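See structure below.
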Amino acid sequence: MYLRTNFFSLEKIQMVDLKAQYRRIKADVDQAIQEVIDTTTFINGPAVHDFQKDLEKYLGVKHVIPCANGTDALQIAMMALGFKPGDEIITASFTYVATAEVIALLGLKPVLVDVDPLTFNIDPDALERAITDKTVAIVPVHLFGQCADMDRIMEIANKHNIHVIEDTAQAIGAEYTSKDGSIKKAGTIGTIGATSFFPSKNLGCYGDGGALFTNDDVLAERVRMIANHGQKVRYYHDEIGVNSRLDSIQAAILRVKLRELDNYAAARRQLADAYDAAFAPTGKVIVPVRAINSTHVFHQYTLQANGIDRDKMKEFLESKGVPAMIYYPVPLHMQKAYLDPRYKAGDFPVTEKLCATVISLPMHTEMQDDQRALIIASVLEFLHSN
Ligand SMILES: *Cc1c(COP(=O)(O)O)cnc(C)c1O
C-alpha cells in the first residue's frame, strides 16, 4: 500500500474539524444567518421556533425547549422538577463536570456511582445500591455517544418512583432499542432530556446553545417558564427562574446542521469502524465496546490502553501531528471542588482505572483518507514498538 509520508501535504489533523465542515454547508449557513440579520429577529425569532419544531420531529418527542447551553439545560430540568436542598441525585463518577456542578449549585446532593468498564456508562447495579429515601432523580450520562442501559435505569426509577434526567449532550441522535422492541432517540426516554449545542458536539452551533426534551406537557410548560425568568405572562413572575435562551442566529445554523446529523453520524461510525479494524488485533488497546441496545454516534472515539503507557502514546502521536485528548483525566470525586468526606481514592475503581488509561483520537465528520491513514499508521507504529 502506498502511504503518503510527507504529512505537510496533509491538512492539519484536528480533534474536531469544524472549518472543513463549514466549507461544505457554507452557502446554506451563510444564508440562514443573513436572514436573521436582515429581519433583526435576534431573540426568539422564527428561526428558534422552526428549529424547535424540526428537532421535535427528528427526535419524535412532544416538546423541545431551547435554552442557552447544556449546563443550563440540566439546571433548568432540576429546577422544573422542584427538587429541594438536601435531595439526592445520583450520577456517574466518570463524566464531564457540568452534571455534578448544577446538582451542587442548587444545594442538592450529588451521589456518585461507578460506571461499566465496557460502555463507560453508569452501572445500574451500583446505581440501585445508591438509592436512599432521599433520592429524587438519576442523571444517566450517555457518554461518548451511546446510551446508558435505559431499560434497567427506567425499571429502577419506576420501582422507586424517582425521575430520570438524561444528559444527552454527547449522544444526540443515538437510538435506543428497549426490551419491548420500541426504538427511541437518546434524551426522550426518561422524564426529561438535556443536551448541548456547544460547537464540538455532534450537533453544534457557532457559539453556545442547549435544549431540553420531554413528552410531559405540564413539565414542558414549567421548563419554558423557568427558562424565561419564571414568567408565563410578561412581567408576572410566578417563580424564581433564570434567563436562558437560544439565540436566533444559533437556531438558524442548527436548523441547517440538523438536516446533516444522520450523515454526520454515519461518517463518524465509518471512521470508528476503520479505527477498530486497525487497532483491535494488536491487543494493546481496548477499542470502544458498542452497547447491544444502543446505536453509537461516536461523539468520542476512546481507546483504553492495555499494558502500554497512555501518556507516552499521546506524546508520540502529537509528535507525528496527530492530536489526542484525555476525556477525562480526573474522576469527579477526586476533583478539588468536589472533594467530599463521603468519598476517597479507590471508591470507584472502574472510573479511576479509566481516567488513567483512556485516550481519545480525532473524531469528526470530515476526515480525509490520507489523514485517517496517518492517524492509523502512527497509532500502530507506537503499539508495535511498545
Ligand atoms: C458538553 C457537556 C455538557 C455541558 O454543555 P455546555 O453546553 O458546555 O454547558 C454537559 N454534560 C456533558 C456530558 C457534556 O459533554
Side-chain angles (χ1 to χ4, degrees), residues 5 7-8 10 12-17 92-100 112 114-121 123 141 143-146 170 198 200-201 268 271-272 274-290 296 298-339 343-364 367 371-386:
T5 46
F7 87 82
F8 294 106
L10 301 180
K12 190 170 180 300
I13 300 173
Q14 314 276 348
M15 284 301 288
V16 180
D17 196 338
S93 47
F94 187 60
T95 181
Y96 181 59
V97 70
T99 324
L112 302 178
D114 214 346
V115 295
D116 180 276
L118 298 179
T119 63
F120 308 128
N121 280 323
D123 172 351
V141 182
L143 203 72
F144 299 155
Q146 66 183 347
Q170 301 189 4
F198 186 81
S200 62
K201 303 283 158 127
R268 288 171 177 274
L271 178 57
Y275 284 159
D276 281 358
F279 308 144
T282 68
K284 293 187 174 170
V285 285
I286 301 170
V287 300
V289 172
R290 304 178 187 204
H296 203 320
F298 284 99
H299 176 61
Q300 299 297 344
Y301 181 89
T302 303
L303 296 168
Q304 296 178 57
N306 187 20
I308 51 160
D309 184 333
R310 183 265 317 262
D311 296 322
K312 224 172 107 188
M313 173 165 163
K314 181 169 188 289
E315 228 169 82
F316 177 85
L317 292 178
E318 279 162 0
S319 78
K320 297 278 175 179
V322 175
M325 294 287 283
I326 309 304
Y327 303 115
Y328 297 94
V330 182
L332 271 183
H333 68 292
M334 311 289 279
Q335 295 282 0
K336 197 170 152 198
Y338 294 87
L339 291 177
Y343 302 125
K344 57 180 188 317
D347 282 353
F348 305 107
V350 178
T351 294
E352 289 168 38
K353 179 164 181 243
L354 290 175
C355 288
T357 55
V358 289
I359 177 164
S360 298
L361 298 181
M363 172 49 72
H364 56 75
M367 191 67 74
Q371 294 179 319
R372 182 172 79 181
L374 177 72
I375 296 167
I376 290 177
S378 304
V379 171
L380 288 178
E381 187 183 340
F382 180 82
L383 296 181
H384 288 144
S385 57
N386 275 271

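Predicted model only: the values in this text are computed from it and were never measured. Values below: every heavy atom of this structure, side chains too, minus hydrogens, waters and symmetry copies.
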Quiz item: Going by distance alone, is a donor N or O of one side chain under 3.5 Å from an acceptor N or O of the other, for N386 and K312?
Solution: yes

Exercise. For side chain to side chain contact (heavy atoms under 4.5 Å, CB included), just list the numbers for Q170 and F298, CA-CA rounded to whole Å, side-chain angles, deciding distance to a tenth of an Å, and then say yes or no.
Key: CA-CA 8 Å; Q170 301 189 4; F298 284 99; over 6 Å; no

Exercise. With the side chain counted from C-beta on, respond yes when R268 and M363 share a heavy-atom pair under 4.5 Å apart, and no when they do not.
Key: yes

Quiz prompt | Closest non-hydrogen atom pair, T95 against T99 | solution = OG1-OG1, 3.4 Å

Quiz item: Is any side-chain heavy atom of P117 less than 4.5 Å from a side-chain heavy atom of K353?
Solution: no

Quiz item: Is any side-chain heavy atom of F94 less than 4.5 Å from a side-chain heavy atom of L143?
Solution: yes

Exercise. Determine yes or no for a side-chain-to-main-chain donor-acceptor pair under 3.5 angstrom, with N306 supplying the side chain and G283 the backbone.
Key: yes

Self-check item: Heavy-atom pair of closest approach, residues T282 and H384
Solution: CG2-NE2, 4.1 Å

Quiz item: What pair of heavy atoms forms the shortest contact from L271 to P362, and how long is it?
Solution: CD2-O, 3.8 Å

Quiz prompt | Electrostatic pair D347:K344 at N-O distance under 4.0 angstrom | solution = yes

Self-check item: F279: ring-ring contact (aromatic ring centres under 6.0 Å, His included) partners, not counting sequence neighbours
Solution: Y275

Quiz item: Can you list the residues that meet the side-chain contact (heavy atoms from CB on, under 4.5 Å) rule with D276, with sequence neighbours excluded?
Solution: V287, P288, R290, Y301

Quiz item: If you measure from CE on M367 to CZ on R372, what distance do you get to the nearest 0.5 Å?
Solution: 9.0 Å

Quiz prompt | A305 versus R310, closest heavy-atom pair with distance | solution = CB-CB, 4.0 Å

Practice problem: Please check if the side chain of D114 supplies one atom and the backbone of T351 the other of a donor-acceptor pair under 3.5 Å. | Solution: yes

Quiz item: Quick one: does P331's side chain get under 4.5 Å of C355's, heavy atoms only?
Solution: yes

Quiz item: Does a side-chain heavy-atom distance below 4.5 Å link V285 with L383?
Solution: yes

Quiz item: Is it true that a side-chain atom of E352 and a backbone atom of G346 form a donor plus acceptor pair closer than 3.5 Å?
Solution: yes

Quiz item: In chain order, what residues pass the ring-ring contact (aromatic ring centres under 6.0 Å, His included) check against H299, with sequence neighbours excluded?
Solution: none

Exercise. Report yes if some heavy atom in the side chain of L303 is under 4.5 Å from a heavy atom in the side chain of I286; otherwise report no.
Key: no

Quiz item: Hey, are the side chains of I326 and K314 touching, using non-hydrogen atoms and a 4.5 Å cut-off?
Solution: yes

Quiz prompt | F348: partners by ring-ring contact (aromatic ring centres under 6.0 Å, His included), with sequence neighbours left out | solution = H333, Y343

Exercise. Show the numbers, then the answer: is there a side chain to side chain contact (heavy atoms under 4.5 Å, CB included) between I375 and I13?
Key: CA-CA 9 Å; I375 296 167; I13 300 173; 3.8 Å; yes

Self-check item: Pairs where residues 373-386 contributes a residue and the test salt bridge (charged side-chain N to carboxylate O under 4.0 Å, His left out) is met, not counting sequence neighbours
Solution: K320-E381

Self-check item: Set of ring-ring contact (aromatic ring centres under 6.0 Å, His included) partners for Y328, sequence neighbours left out
Solution: none

Quiz item: At their closest point, which heavy atom of F144 faces which heavy atom of Y327, and how far apart are they?
Solution: CZ-O, 3.4 Å

Quiz item: If every non-hydrogen atom of Q300 is compared with every non-hydrogen atom of S360, which pair is closest and at what distance?
Solution: OE1-CB, 4.0 Å

Quiz item: Any side-chain heavy-atom pair from M313 and I359 closer than 4.5 angstrom?
Solution: yes

Practice problem: May I have the step-by-step check of side chain to side chain contact (heavy atoms under 4.5 Å, CB included) for V97 and Y338, ending in yes or no? | Solution: CA-CA 10 Å; V97 70; Y338 294 87; 3.5 Å; yes

